[in-house]
Amino acid sequence: METKIYTLKEAVGLFVHPGDRVVMGAALESLIPFAVGYEMVRQGIGDLTLIGPISDMLFDVLIGAGAVARVEAAWVGNVMMGSGYNFRRAVERGEPRPLEVVDHTNFTIQTGLKAASQGLPYLPTRTALGSSLLERNPGLVPTRCPFTGEPLVAVRAIEPDVAVLHVQRADARGNAHAWGNLGVTQEAAFAADRVIVVAEEIVPPWVIASDPNRTLIPGFRVSAVVEARWGSHPSPCQGYTNRDHGFYREYHRASRTREGFEAWLDEWVTGLADHTEYVERLRAAGRLEALAVRDHAYTVAADFGY
Amino acid sequence: MAAYTPGELMIARAAREIGDRELVFVGMRLPLLAFLLARSTHAPQAVGLFENGVLRDSPTPDPLITMSDPPNLRGARMCMGMELAMGLLQAGRVDLGFIGGAEIDRYGNLNTTEVGPDGAVIRLPGSGGACDIACMARRLVIVMKHERRRFVERVRYVTSPGHGTGRTWREAAGIPGGGPAAVITDKCVFTFHPRTREMVVASVHPGVDPDEVRALTGWPVVIPDPVPRTPEPGPEDLAVIRRYDPDGFWSR
């Protein structure tokens with residue numbers, strides 16, 4: 001059987017290049033591929049354009065690490081705490097490097113990715129009319145409906161090089177199951193040239209085929225599959241990992257100063273060899289027990305028989 | 001001393017904006033608690049929609065910090081993608097949307113992108129779904145802290161359009177939703193003048209001096225005389241709020 005299984009290190013090294021346009025965090029506050037983001041920092045992959053609807057902490061980490069030239073997003077910060085200090089320092093003071101920001105709304109990110117996934121140059125929407133976003137983002141252009149003459153906004157296609165998706169389970173060929181709130185995950189997956197799937201578990205192909213409505217993306221669109229238990233930490237992964245609220249709080253406090261952020265980055269990213277050491281550090285700090293699922297809630301099986 | 005916090009009063013007041021059977025684009029923080037309160041009291045058939053794609057018509061089994069926390073998915077009626085959630089909004093099927101803001105002006109335009117005095121820039125997180133909700137919800141309610149630096153004559157960046165420059169500005173711009181109907185702060189409740197669309201005080205919270213509202217608002221604000229007072233949250237309201245925010249993370 002053809003397999004697309006790689007280690008985290010291999011997948012990032014092979015499929016994420018300096019200067020790439022990368023979508024991460026497409027499901028919003030859950031299923032954020034932190035393990036891949038951290039590995040991109042370890043490998044020093046820079047000049048990235050990060051694309052996403054909202055980014056809960058991960059974009060702020062990458063910006064602080066100096067890996068990002070440009071952000072195309074609706075929201076960058078720390079959802080439970082507010083501002084992202086690295087994002088602020090980069091925009092306000094060019095520290096550690098200047099950052100270009102292309103402001104979107106959640107819906108214009110969705111619409112732009114949808115256009116790319118459909119092979120279209122743009123799609124229309126009614127959002128953002130009357131907002132200042134239209135003056136600053138050249139990818140949002142006021143237009144009119146050719147049939148009714150109504151005011152609309154044309155959203156230019158957003159074409160990522162890479163989409164990084166954290167999912168619950170996938171088979172060795174990249175056929176992936178994900179569940180819960182998916183945000184713009186499917187649009188991102190079908191819009192990108194390359195897709196890296198990070199799964200909590202690698203399962204036999206029959207598991208995926210048993211429930212095709214749950215398949216997020218077919219394997220032929222996937223470049224690499226990585227098995228990484230706890231790979232979404234500190235974001236939640238329904239059925240596997242609860243949200244580590246304390247981690248977001250501690251990051252917010254630590255990253256208030258540049259020095260504090262550098263110490264945090266060394267402790268949790270650059271000072272660790274890989275995701276395995278990261279998980280070991282979480283385990284040693286006694287965090288994993290609290291994050292594991294205590295109260296399982298399985299779906300009722302659907303019958304695909306005939 | 002009042003037996004409730006300003007946050008709890010804001011949540012209770014915001015909950016009254018939710019009608020039974022309404023489809024509500026919920027958002028986070030105080031509005032999420034307002035939705036849970038309305039569902040538990042006068043609006044048991046209200047349906048909540050979140051931009052991450054979650055739709056639910058029952059309270060969550062445990063408290064939430066973000067809309068994507070696992071308890072918000074457990075027992076949800078539907079987990080769709082953002083496209084369908086925003087599609088409901090765009091098609092005019094969402095009755096009410098809640099958002100917050102860093103800076104607001106007299107016509108209810110909101111800025112969550114950048115603030116700061118001339119030249120200086122303090123970068124804020126951005127729109128998220130706020131602009132979408134402000135543009136396309138049939139009715140918009142804004143919940144935010146009342147500070148002089150936040151209530152300005154004119155926002156420097158319109159992240160989420162309110163009533164623009166007033167009167168028929170929204171209609172002329174082709175913005176589909178009804179725009180802001182109320183602004184709930186920790187000092188008072190504003191509504192919008194039906195013709196000019198300017199923000200006017202509808203009620204001042206118990207114990208708050210109307211002069212304080214004037215001092216904290218960056219334009220000559222209209223306050224009725226005698227001053228109507230915002231109703232206090234009842235014991236049932238407080239019990240529900242404290243059940244869903246046991247540590248007072250949002251409401252204190």
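Each chain gets a letter, A, B and so on, in the order the sequences are listed, and its residues count up from 1.
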Might you confirm whether atom CZ of B:Arg148 has over 12 heavy atoms from other residues, nucleotides or ligands at distances under 6.0 Å?
yes
Is it the backbone or the side chain of B:Ile122 that comes under 4.5 Å from a heavy atom of chain A, or both, or neither?
both
Hey, which of B:Ile65, B:Leu84, B:Val54 has the most heavy atom pairs under 4.5 Å with chain A?
B:Ile65
Heavy-atom contact with chain B under 4.5 Å, split by part of A:Val91
side chain
When the 4.5 angstrom heavy-atom criterion is applied to B:Met80 and chain A, the contacting part is backbone
Sorted by chain and number, sequence neighbours left out, salt bridge (Lys or Arg N to Asp or Glu O under 4.0 Å) with B:Arg39 holds for none
Which of B:Gly164, B:Pro125, B:Gly116, B:Gly53 touches chain A most, by non-hydrogen pairs under 4.5 Å
B:Pro125
For A:Phe34, which residues count as a ring-ring contact (aromatic ring centres under 6.0 Å, His included) partner, sequence neighbours excluded?
A:Tyr38
Side chain / backbone / both / neither for B:Phe50 at chain A, heavy atoms under 4.5 Å:
neither
What part of A:Val293 lies closer than 4.5 angstrom to a heavy atom of chain B: side chain, backbone, both or neither?
neither
Sort B:Pro176 into side chain, backbone, both or neither according to what part of it lies under 4.5 angstrom from a heavy atom of chain A.
side chain
Record all donor-acceptor atom pairs with a distance under 3.5 Å between chain B and chain A; write none if the list is empty.
| from | atom 1 | to | atom 2 | distance (Å) |
| --- | --- | --- | --- | --- |
| B:Arg29 | NH2 | A:Val79 | O | 2.8 |
| B:Glu51 | OE2 | A:Asn106 | ND2 | 2.5 |
| B:Asn52 | O | A:Gly183 | N | 3.2 |
| B:Ser68 | OG | A:Glu29 | N | 3.4 |
| B:Ser68 | OG | A:Glu29 | OE1 | 2.6 |
| B:Ser68 | OG | A:Asn181 | ND2 | 3.2 |
| B:Pro70 | O | A:Gln238 | NE2 | 3.1 |
| B:Arg74 | NH1 | A:Asp295 | OD2 | 3.3 |
| B:Arg74 | NH2 | A:Asp295 | OD2 | 3.2 |
| B:Met82 | N | A:Gly183 | O | 2.8 |
| B:Glu83 | OE1 | A:Lys114 | NZ | 3.1 |
| B:Glu83 | OE2 | A:Lys114 | NZ | 3.3 |
| B:Gln90 | OE1 | A:Thr125 | OG1 | 2.8 |
| B:Gln90 | OE1 | A:Arg126 | N | 2.8 |
| B:Glu114 | OE2 | A:Arg136 | NH2 | 2.8 |
| B:Arg123 | N | A:Glu92 | OE2 | 2.7 |
| B:Arg123 | NH1 | A:Asp103 | OD2 | 3.0 |
| B:Arg123 | NH2 | A:Asp103 | OD1 | 2.7 |
| B:Pro125 | O | A:Val76 | N | 3.1 |
| B:Ser127 | N | A:Ala74 | O | 2.9 |
| B:Gly128 | N | A:Ala74 | O | 2.8 |
| B:Gly128 | O | A:Asn106 | N | 2.9 |
| B:Asp132 | OD1 | A:Thr105 | OG1 | 2.6 |
| B:Asp132 | OD1 | A:Thr127 | OG1 | 2.7 |
| B:Asp132 | OD2 | A:Thr105 | OG1 | 3.3 |
| B:Asp132 | OD2 | A:Asn106 | N | 3.4 |
| B:Asp132 | OD2 | A:Phe107 | N | 3.0 |
| B:Val158 | N | A:Ser132 | OG | 2.7 |
| B:Val158 | O | A:Ser132 | N | 2.8 |

Could you tell me which of A:Gly77, A:Pro236, A:Gly180 has the largest number of non-hydrogen atom pairs under 4.5 Å with chain B?
A:Gly180
With a 4.5 Å cut-off on heavy-atom pairs, point out which of B:Cys135, B:Gly75, B:Ala120, B:Gly174 contacts chain A the most.
B:Cys135
Which bit of A:Ala27 is near chain B, if near means a heavy-atom gap under 4.5 Å: side chain, backbone, both or neither?
backbone
For the interface with chain A, which of B:Gly129, B:Cys79, B:Gly128 has the highest count of heavy-atom pairs at distances below 4.5 Å?
B:Gly128
Shorter than 4.5 Å, heavy atoms on both sides: which option in A:Val184, A:Leu133, A:Val79 has the most such pairs with chain B?
A:Leu133
Tell me the side-chain hydrogen bond (donor to acceptor under 3.5 Å, both in side chains) pairs involving residues 172-184 of chain B, sequence neighbours left out?
none
Side chain to side chain contact (heavy atoms under 4.5 Å, CB included) for B:Met82 and A:Ile109? Distances and angles first, verdict last.
CA-CA 10 Å; B:Met82 185 191 291; A:Ile109 286 284; over 6 Å; no
